[in-house]
Amino acid sequence: MAVYQKISEIFDLVVEYLILLVEFVGIVILIYAVVSAVIGLIKRQPHTRLKLAEGIALALEFKMGGELLRTVIVREWNELLILGAIILLRAALTFLIQWEIKIERKNGSMTDSQLFDIKTPLSQDLNGKKPSGDEEKKD
């Protein structure tokens, strides 16, 4: 039983560090999105609201991933119910933000090339090339 206890302690420790790492990534993405949005507002860049919403959605998904990892080490039903409620709230927020992004894209009546040119967090195109399927048709 001592071996089982030691393995369990190591597993809990590894999961705790993974939770911290995943949630830290979510926080970094959120901070980056907010700072980028503030700079975009100051410079009056187009689609700043869309960029912010996509950054928030991505950050929420990382935070939700951390909560899902946390369910692995939960020992009591009360903790599991609280985690379930947190996950449901974050999932609802993510759904609403994705819905808002979809509406913003439709209302903005952006072309495919304009949508491609939007640089959102973690989607920077380093080569400056478009994928071959996104070329505009010439009439």
Under 4.5 Å between side-chain heavy atoms, counting indirect links through other Ile/Leu/Val/Met/Phe/Trp/Tyr residues: same cluster for [X] and [Y] or not?
X	Y	value
I19	I29	yes
V74	W77	yes
L96	L60	no
V22	F11	yes
V25	L58	yes

Which heavy atom of [X] sits nearest a heavy atom of [Y], and at what distance?
X	Y	result
I97	A57	CG2-CB, 3.7 Å
T48	L41	CG2-N, 4.0 Å
G26	A59	O-CB, 3.3 Å
V15	L69	CG1-O, 3.7 Å

Summary of salt bridge (charged side-chain N to carboxylate O under 4.0 Å, His left out) pairs that have at least one residue in [range], sequence neighbours excluded:
range	result
residues 84-98	E67-R90
residues 20-31	E23-K63, E23-R70
residues 92-101	R49-E100
residues 9-20	D12-R75

| field | Shared-cluster residues of F24, by chain and number - hydrophobic side chains joined below 4.5 Å | value |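 Answer for F24: V28.
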To the nearest 0.5 Å, what is the distance between [atom1] ([X]) and [atom2] ([Y])?
X	Y	atom1	atom2	value
S36	E54	OG	CD	12.0 Å
I10	L13	CD1	CG	8.0 Å
L88	M64	CG	CE	10.0 Å
I56	I101	CD1	CD1	8.5 Å
L83	L68	CG	CG	9.0 Å
T94	L89	OG1	CG	10.5 Å

| Heavy-atom check, side chain of I31 versus side chain of I27, under 4.5 Å |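 A side-chain contact exists here, since the closest heavy-atom pair is under 4.5 Å.
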| query | With E61, which residues qualify under side-chain hydrogen bond (donor to acceptor under 3.5 Å, both in side chains), at least two apart? | reply | none
